[in-house]
Protein chains: 2
Amino acid sequence: MKHKGKTNPPGRIKIMKSFSFLMAQKDFHSITTAQIAGNAKVTEGLIYKYFKDKKDLLYQVLNEHFLEFQAKIENQIANEKTCIEQLEVIIFSSLESYADNRIFSKILLLEVRNSLGFFDSGAYKMVRKYSRTILEIIEKGIKNGELKPDIDAFTLRKVILGAIEHACLGEIIFGRELDIDEVSTGIANIVFNGAKA
Amino acid sequence: MKHKGKTNPPGRIKIMKSFSFLMAQKDFHSITTAQIAGNAKVTEGLIYKYFKDKKDLLYQVLNEHFLEFQAKIENQIANEKTCIEQLEVIIFSSLESYADNRIFSKILLLEVRNSLGFFDSGAYKMVRKYSRTILEIIEKGIKNGELKPDIDAFTLRKVILGAIEHACLGEIIFGRELDIDEVSTGIANIVFNGAKA
DNA sequence: CAAAATGGTAAGTAACACTTACTCACAAAG
DNA sequence: CTTTGTGAGTAAGTGTTACTTACCATTTTG
């Protein structure tokens with residue numbers, strides 16, 4: 001009998017907790033179902049009651065983290081008035097969330113992108129929503145004259161998202177500390193004021 | 001008996017070709033050693049004569065592609081005089097190389113980063129060299145007054161590399177076409193002139 | 001209260017990455 | 001002109017891994 005997702009039994013929670021714990025230590029493919037089950041103190045079979053496969057477990061863990069991430073960001077954007085301030089908050093908050101939640105960023109930036117299944121997952125829908133929010137702020141900024149009329153909104157989004165993600169990589173991969181204040185103001189300074197003298 | 005790497009026998013070449021061919025169609029983990037060997041018309045065991053493991057095969061294929069990539073970039077930088085022009089060429093050429101060579105970009109941007117072994121590989125040494133070149137150009141630009149003195153070289157590099165990589169992702173993952181001219185001038189425009197009105 | 005659904009287990013299985021032990025060809029060295 | 005060593009390749013494994021099937025016990029519900 002398959003699980004229909006109406007309840008959230010302890011076994012399911014233990015499996016997700018166990019998997020998150022293991023993700024903090026090694027990469028997705030080095031984690032075995034036996035380890036997940038052993039660490040959660042359930043049997044391997046139970047994993048497949050609640051998750052379609054190992055990847056689905058990854059997506060669902062990511063999804064949970066993403067809910068927090070998005071709620072936090074949207075909450076903080078609401079406090080800002082100008083588009084530039086909103087984008088600055090997005091840069092800062094994203095960096096902060098990634099830094100606060102290593103497992104989340106590791107999964108999102110390193111583990112899920114290589115398999116096409118992710119792009120059908122619920123987690124990817126949240127990525128798109130986050131991404132759309134940024135685009136809308138940029139478009140509003142262009143319309144109301146805060147941003148230059150000749151810039152392309154999609155390209156600006158690429159630069160902002162790319163900078164954020166790239167800034168996190170060193171931290172995620174090598175465990176380097178990141179001065180969020182410094183990096184986020186640095187990125188914002190370049191993106192808004194330009195690097196040319 | 002292990003292979004010592006002094007020659008380049010046909011079996012080794014066939015395995016790498018076969019693997020590249022398969023990488024164009026699916027992700028790394030969906031490719032099996034049986035498929036690699038079958039497609040190359042050799043036996044599975046031979047893979048392990050020339051490559052430590054499946055990941056090592058991935059790194060060595062990446063390494064070959066990277067040699068081309070780096071040669072091309074360095075060649076094209078040499079034709080430019082100002083630092084800004086050099087950085088513009090890096091943006092354009094990187095986008096072009098990624099677009100021309102999907103397997104290379106797929107491996108580098110999506111497949112290798114999640115396992116720590118990559119960062120000990122020869123391919124990663126080339127990434128660092130490419131990365132260092134960019135940093136040196138930026139530092140020169142700051143010194144000679146082309147770039148603003150208050151920007152941080154590392155942050156500017158993050159923005160440029162992040163933008164390039166993010167711009168390629170849609171193309172690699174979804175096979176979207178990318179207008180390299182438009183995107184590269186768009187990125188350069190934002191990074192150098194800023195987006196603020 | 002019978003039926004269905006939920007939460008969980010135990011014992012598999014096919015496929016996979018990787019290993020071991022072997023052959024064959026052939027080139028120097030003695 | 002045989003011995004010895006080596007590079008190229010094969011054949012047949014082996015342990016692990018992700019995932020499946022069949023089952024049990026308890027709770028919910030018609």
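Chain naming here is simple, since letters A, B, ... match the order of the sequence lines and numbering starts at 1 in each.
- If you measure from atom CG of A:Leu22 to atom P of D:dT17, you get 13 Å, rounded to the nearest angstrom.
- Residues of residues 24-40 of chain A having a heavy atom closer than 4.0 Å to DNA chain D, listed by number: A:Ile31, A:Thr32, A:Thr33.
- Checking the phosphate oxygens (OP1, OP2) of D:dC19, a side-chain nitrogen or oxygen of A:Tyr48 falls inside 4.0 Å.
- Heavy-atom contacts from other residues, nucleotides or ligands closer than 6.0 Å to CD of B:Glu74 number more than 12.
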Below 3.5 Å, can you tabulate the donor-acceptor pairs from side chains in residues 126-139 of chain A to any protein atom, sequence neighbours excluded?
from: A:Tyr130; atom 1: OH; to: A:Ser94; atom 2: OG; distance (Å): 2.8
from: A:Ser131; atom 1: OG; to: A:Arg157; atom 2: NH1; distance (Å): 3.1
from: A:Thr133; atom 1: OG1; to: A:Lys129; atom 2: O; distance (Å): 2.9

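- Listed by chain and number, the residues in a ring-ring contact (aromatic ring centres under 6.0 Å, His included) with B:Phe92 amount to none (sequence neighbours excluded).
- Spacing between atom CD1 of B:Ile47 and atom P of C:dT19 amounts to 12 Å, rounded to whole angstrom units.
- Taking the ring centroids of A:Tyr59 and A:Phe51, they lie at or beyond the 6.0 Å cut-off.
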Do any N or O atoms of the protein come closer than 3.5 Å to N or O atoms of nucleotides 9-12 of chain C, and which pairs are they?
from: C:dT9; atom 1: OP2; to: A:Thr43; atom 2: N; distance (Å): 3.3
from: C:dT9; atom 1: OP2; to: A:Thr43; atom 2: OG1; distance (Å): 3.2

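- For A:Gln76, the side chain to side chain donor-acceptor pair (under 3.5 Å) test picks out A:Ser93, with sequence neighbours left out.
- Residues A:Leu178 and A:Tyr98 are not in side-chain contact: their nearest non-hydrogen atoms beyond the backbone lie 4.5 Å or more apart.
- Not a single side chain to side chain donor-acceptor pair (under 3.5 Å) links B:Lys143 to another residue, sequence neighbours left out.
- The residues A:Arg113 and B:Asp27 are annotated as not salt-bridged, no charged nitrogen and carboxylate oxygen being separated by less than 4.0 angstrom.
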